[in-house]
Amino acid sequence: MSKRPTPCIVTSEEALRQEEIIKQLRNDNDLIKARTGKQKYYYISTFGCQMNAHDSEKLEGMLEQIGYMKAEEEEKADFIIYNTCCVRENAEQKVYGKLGYLKHLKDKNEDLIIAMCGCMMQQEEVLNTIRTKYKHVDIIFGTFNLYKMPELLQTYLETKRTVIDIWKEHKEIVEDLPSIRKHKFKASVNIMYGCNNFCTYCIVPYVRGRERSRKPEDILKEIEDLVADGVKEIMLLGQNVNSYGKTLEDKVTFAQLIRKVNEIEGLKRIRFMTSHPKDLSDELIEAMRDCDKVCKSLHLPFQAGSTKILKAMNRRYTKEQYLDLAKKIQREIPNIALTTDIIVGFPGETEEDFEDTLDIVRQVQFSGAYTFIYSKRTGTPAAVMEEQVPEEVSSRRFNKLQEVLRPIITEKSQALHGKTLEILVEDLSKNDEKLLTGRTESGHLVHFEGDSSLIGEFINVEITEAKTYYLIGQRV
Ligand code: SAH
Ligand code: SF4
Ligand code: F3S
């Protein structure tokens with residue numbers, strides 16, 4: 001776990017090397033297919049955040065170039081990858097739970113290849129556990145060398161011995177990786193990697209390394225290419241997008257970047273996450289207000305309401321500063337939908353501290369919130385803090401928080417009743433195949449009756465019913 005700054009060298013030499021290996025693997029696969037008629041399939045399970053989901057899209061891109069096709073079911077796959085998360089204990093438990101099941105699949109099919117990657121693998125204890133207790137895992141890599149997957153696969157195929165390649169830190173940003181996106185019309189784009197904030201509860205800076213930004217020209221080129229390929233909505237990704245550009249030689253701010261992205265012709269919507277309140281500038285608020293393509297919705301985690309707890313969390317803002325910022329944003333950008341992340345039960349949190357959290361919830365009136373019970377992460381400063389909050393106290397506060405949040409979110413949702421809103425149609429509804437699902441600019445989910453040919457289109461719907469977590473609409 002290193003806190004040292006790392007150099008930011010951009011090279012495509014590595015990408016070229018992997019491209020060469022991809023070609024060789026593709027040839028081998030084609031030969032096998034010609035000889036046996038057998039097509040190879042992959043299956044990727046992704047745990048964790050959008051960053052991981054986007055990494056999985058890159059893995060898929062490389063695998064399809066190698067000649068693998070996506071398996072509908074894990075049982076049918078020849079190559080299974082688990083892209084893991086360790087932000088909270090339950091994320092890790094899920095992975096360990098499923099690893100046992102993989103052993104059963106491997107027992108049935110000895111040619112099955114199993115790989116593990118992602119944030120969990122960057123922790124030494126986890127690596128040791130997998131090496132000793134889960135010997136059926138064939139390939140292990142981490143977050144800093146994802147692009148090397150083809151080479152690691154090739155080594156495994158040649159040696160049939162476990163391949164482990166974990167880097168302690170980032171070496172270079174490898175551009176131009178192929179990527180398969182879930183939807184043709186929307187895509188995620190990394191604008192930066194890593195995090196320098198070291199919130200005391202959080203493992204991310206240790207497993208994702210130091211903050212480094214991609215050059216604006218590389219980001220713009222990627223978005224232009226995506227738009228040419230049919231993308232209408234993009235999500236700019238970073239752990240702390242508001243500090244974008246600080247590590248670049250030619251300094252650029254996040255606000256300047258989104259103004260440039262806003263000029264890309266053919267692009268319709270721009271979203272971004274995550275914003276850290278301490279770095280959210282007036283310049284960004286102005287850019288959000290001015291840029292017509294930037295969705296008027298903002299995810300602004302506050303984590304805890306008490307200034308004492310915020311200090312212990314190393315968040316670097318007070319309760320009053322957060323409230324002032326949220327109210328300023330709501331004043332400057334009317335109708336903006338604010339969403340947030342909240343942790344309850346951080347070490348030392350008293351009833352009074354928790355009341356401050358509820359107070360922020362009541363004052364800001366969020367449109368949505370992700371809520372978490374504090375989870376102790378070995379290696380972080382909070383893990384060794386005294387006054388860890390007992391489980392039953394955290395659970396009670398968690399339930400109370402839901403009680404306070406629910407009516408607020410419902411009310412925000414109901415305020416949209418009767419309105420006509422533009423949505424981007426995304427999919428068939430998961431629960432009812434007769435319904436389609438789209439998202440409003442504010443990020444609200446809308447179900448409506450329509451034909452699947454509308455998927456990927458912007459249409460207007462009138463909201464006829466408003467539930468807490470979704471809306472029902474009618475095409476107009
Ligand atoms: N970079 C983003 C979010 C990263 S993790 C940000 O700073 O907002 C996503 C969320 O997981 C965090 O916002 C936080 O609410 C939650 N989280 C992170 N570590 C946690 C922990 N140890 N226990 C409980 N929740 C945690
Ligand atoms: Fe974790 Fe804080 Fe960085 Fe977000 S800003 S990834 S919560 S350390
Ligand atoms: Fe999890 Fe890693 Fe994201 S720890 S939340 S997948 S950055």
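Given the structure is predicted, the values throughout are model-derived calculations rather than measurements. Order of appearance sets the numbers: ligands from 1, and atoms from 1 within every ligand.
- Checking only distances, S375 does come within under 3.5 Å of ligand 1, N or O to N or O.
- The existence of a salt bridge linking R439 and D427 is excluded, since no basic side-chain nitrogen approaches an acidic carboxylate oxygen closer than 4.0 Å.
- Among Y101, F47, F141, the single residue meeting the ring-ring contact (aromatic ring centres under 6.0 Å, His included) criterion with Y82 is F47.
- Counting atoms of ligand 1 from 1 in the listed order, those under 4.0 Å from a heavy atom of I343 are 14 (C), 15 (O), 17 (N), 25 (N), 26 (C).
- At a heavy-atom cutoff of 4.0 Å, ligand 1 is contacted by no atom of E89, backbone or side chain.
- Scanning the protein for heavy atoms near atom 6 (C) of ligand 1, the closest one is T274 CG2, 3.7 Å.
- Atom CG of L99 and atom NZ of K106 lie 12.0 Å apart (nearest 0.5 Å).
- Between Y322 and Y317, the ring planes lie tilted relative to each other; the angle falls in the 30° to 60° range.
- Some N or O of D341 is nearer than 3.5 Å to an N or O of ligand 1, by distance alone.
- Ring pair F302/F366 is parallel by interplanar angle, where below 30° counts as parallel and above 60° as perpendicular.
- Closest to atom 3 (C) of ligand 1, if we only count protein heavy atoms, is Q239 OE1, 3.9 Å.
- Remark: K251 NZ is packed, more than 12 non-hydrogen atoms of other residues, nucleotides or ligands lying under 6.0 Å away.
- Put simply, no part of N240 is less than 4.0 Å from ligand 1, judged by heavy atoms.
- In summary, the aromatic rings of Y42 and F79 are positioned with their centroids too far apart to meet the 6.0 Å limit.
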Salt bridge (Lys or Arg N to Asp or Glu O under 4.0 Å) between R289 and E286, worked out: CA-CA 5 Å; R289 199 184 48 204; E286 281 160 29; 5.2 Å; no
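- Using a 4.0 Å cut-off between charged nitrogen and carboxylate oxygen, D229 and R181 count as a salt-bridge pair.
- At least one heavy atom of R315 sits closer than 4.0 Å to an atom of ligand 1.
- Here S188 contributes atom OG and D55 contributes atom CG; the two are 10.5 Å apart, rounded to the nearest 0.5 Å.
- Heavy atoms of I373 found under 4.0 angstrom from ligand 1 belong exclusively to the backbone.
- Polar contact with ligand 1: present for Q303 (N/O pair, distance under 3.5 Å).
- Protein heavy atom nearest atom 16 (C) of ligand 1, with residue, atom name and distance: R88 NH1, 3.2 Å.
- For ligand 1 and R377, the ligand atoms under 4.0 Å from any heavy atom of the residue are 22 (N).
- Between S213 atom OG and I219 atom CD1 the span is 7.0 Å, to the nearest 0.5 Å.
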Worked verdict on S56 versus T46 for side chain to side chain donor-acceptor pair (under 3.5 Å): CA-CA 7 Å; S56 289; T46 309; 2.8 Å; yes
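- Polar contact with ligand 1: absent for Y374 (N/O pair, distance under 3.5 Å).
- Residue Y201 has at least one nitrogen or oxygen atom sitting less than 3.5 Å from a nitrogen or oxygen atom of ligand 1, judged on distance alone.
- For the atom pair CG (N335) and CG (L416), the distance works out to 9.0 Å, reported to the nearest 0.5 Å.
- The pair D279-K246 counts as a salt bridge, with a side-chain nitrogen and a carboxylate oxygen less than 4.0 angstrom apart.
- Counting heavy atoms of neighbouring residues, nucleotides and ligands inside a 6.0 Å radius, atom CD of Q363 exceeds 12 of them.
- Within the listing of ligand 3, atoms 7 (S) sit less than 4.0 angstrom from a heavy atom of Q239.
- Against a heavy-atom cut-off of under 4.0 Å, P301 is close to the following atoms of ligand 1: 8 (O).
- Proximity of V87 to ligand 1, defined as any heavy-atom pair under 4.0 Å, is shared by backbone and side chain alike.
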Chi angles and distances behind the salt bridge (Lys or Arg N to Asp or Glu O under 4.0 Å) call for R397, E351: CA-CA 9 Å; R397 288 183 191 158; E351 257 345 280; 3.0 Å; yes
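- More than 12 non-hydrogen atoms from other residues, nucleotides or ligands lie less than 6.0 angstrom from NZ of K308.
- Protein heavy atom at the shortest distance from atom 7 (S) of ligand 2 is Y201 OH, 3.4 Å.
- Less than 2.8 Å away from atom 2 (Fe) of ligand 2, the protein contributes these N/O/S atoms: C199 SG.
- For F398 and F372, the ring centers sit 6.0 Å or farther from each other.
- If you count the protein N, O or S atoms nearer to atom 2 (Fe) of ligand 3 than 2.8 Å, you get 1.
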Side chain to side chain donor-acceptor pair (under 3.5 Å) evaluation trace for H170 with R212: CA-CA 9 Å; H170 156 82; R212 52 218 180 265; 2.8 Å; yes
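- Considering backbone and side-chain N/O atoms, H276 never comes within less than 3.5 Å of an N/O atom of ligand 1.
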